[in-house]
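Beneath this line is the structure, given in structure tokens, with notes to follow.
Order of listing sets the numbers, starting from 1, for every ligand and every atom in it.
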Amino acid sequence: MKVTPVVKLPDRKLNLYAKLEFSNPNGSTKDRSAFWILQQAIERGDVTEDTTIVESSSGNFAIAMAAFSHALGLAFIPVIDRNCNAPTEDYLRAMCTRVEKITEPDESGGYLGGRLARVRQIRDELPRAYWPNQYENGDSVAAYYRLTGDELCRALDRIDYVFVGVSTGGTIAGLSLRVKEAFPFATVVAVDSEGSAIFGGPAQQRRIPGLGSSIVPQLCSRAQNDDVVIVPERDAVAGCHELHQRYGLYAGGSTGSVYAAIRRYFGAHPVGETRPTVVFLCADRGTAYADTIYNAAWVDEYLPIDDGQVSCGVPAATG
Ligand SMILES: Cc1ncc(COP(=O)(O)O)c(C=O)c1O
């Protein structure tokens, strides 16, 4: 796959870099895992021309898998949920003959349990089905290790910190392994959404797709993270707006969360004059979030400010 750009963002205290994963052909970081998982499955013979692929996704993995499957003439059934962005759902319905959408939350308040149950049901009903299972598939870790992680390590002379958003755990597992191999002193900071169960918090309803999970995905156990920052969804929105205003980066919710986490982390861990090299991924573009994160009415309706809520906010930029 083509290498995505790594750009330097001006900052007074940090050598701050963003790797623009939204420059991938289908617009997100998930192109890497979908491509690698599919290629390996074809090489192993798990996917042949009469296979139907079925997978659960919050949106981006499904977009990537839909595009690659379509190019190869393979059938793909994405299982999405109510939080899926409307433009993403429209695209999937145009690309796939069948799209399954879960509309009822499970007991955790999330949709992942329902999505996975539906995937298993469809897989068992079909004569030749392949479930990539991006929550447990080691090829996802390999994709982020060999592709994204390797590119990042080649692009920079040093990495002191890498901040990575977590959902299936594939990205942080692959990136952390590769970055620590090249730069053993690097600190890996996992970023998750408030209301996600991955790092032990109580699972609650979340509105922004991409980050977080109502289960602890198996791949997370392979991540070599040193620290965790949990970001309320309202702060992810603030992070998106600040990235856009300061740097012209129109990014999706997980990127806003990661950026908010960077500001919060270095607010609590001042770096003095050391100028550490800090890296994050711009996982997808803001376009699919125009009616949600970038729509003040949606934000006020779905992410109201709770007076009792402790919010990390996005402190003023250091640059
Ligand atoms: C926009 C975005 N950011 C971050 C992630 C998290 O990546 P991972 O599932 O590899 O943990 C996803 C996963 O779908 C995503 O779509």
task: Could you say whether the N/O atoms of Y289 and ligand 1 ever approach to under 3.5 Å?
output: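 There is no such contact.
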May I ask you to decide if the ring planes of [X] and [Y] are parallel, tilted or perpendicular, using 30° and 60° as cut-offs?
X: F266; Y: Y161; result: perpendicular
X: H269; Y: Y265; result: parallel
X: F280; Y: Y259; result: tilted

Residues [X] and [Y] bridged, charged N to O under 4.0 Å:
X: D11; Y: R263; value: yes
X: R118; Y: E100; value: yes
X: D226; Y: K180; value: yes
X: E151; Y: R154; value: no
X: E194; Y: R234; value: no

Protein heavy-atom partner closest to [atom] - residue, atom, separation in Å:
atom: atom 7 (O) of ligand 1; value: T171 OG1, 3.3 Å
atom: atom 13 (C) of ligand 1; value: K30 CE, 3.1 Å
atom: atom 5 (C) of ligand 1; value: G210 O, 3.4 Å

[X] neighbourhood, listing ligand 1 atoms whose heavy-atom distance to it stays under 4.0 Å:
X: D284; value: 1 (C)
X: V166; value: 11 (O)
X: G170; value: 10 (O), 11 (O)
X: A283; value: 1 (C), 2 (C), 3 (N)

Looking only at heavy atoms, is any part of [X] under 4.0 Å from ligand 1, and if so is it the side chain, the backbone, or both, or is it neither?
X: N60; answer: side chain
X: Q134; answer: neither
X: S254; answer: side chain

- prompt: So, N83 versus Y111: side-chain donor-acceptor pair below 3.5 Å or not?
  reply: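 No, no side-chain donor-acceptor contact under 3.5 Å.
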- prompt: Do any heavy atoms of I172 fall under 4.0 Å from ligand 1?
  reply: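 No.
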query: Of all the heavy atoms in S28, does at least one lie under 4.0 Å from an atom in ligand 1?
result: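 Contact absent.
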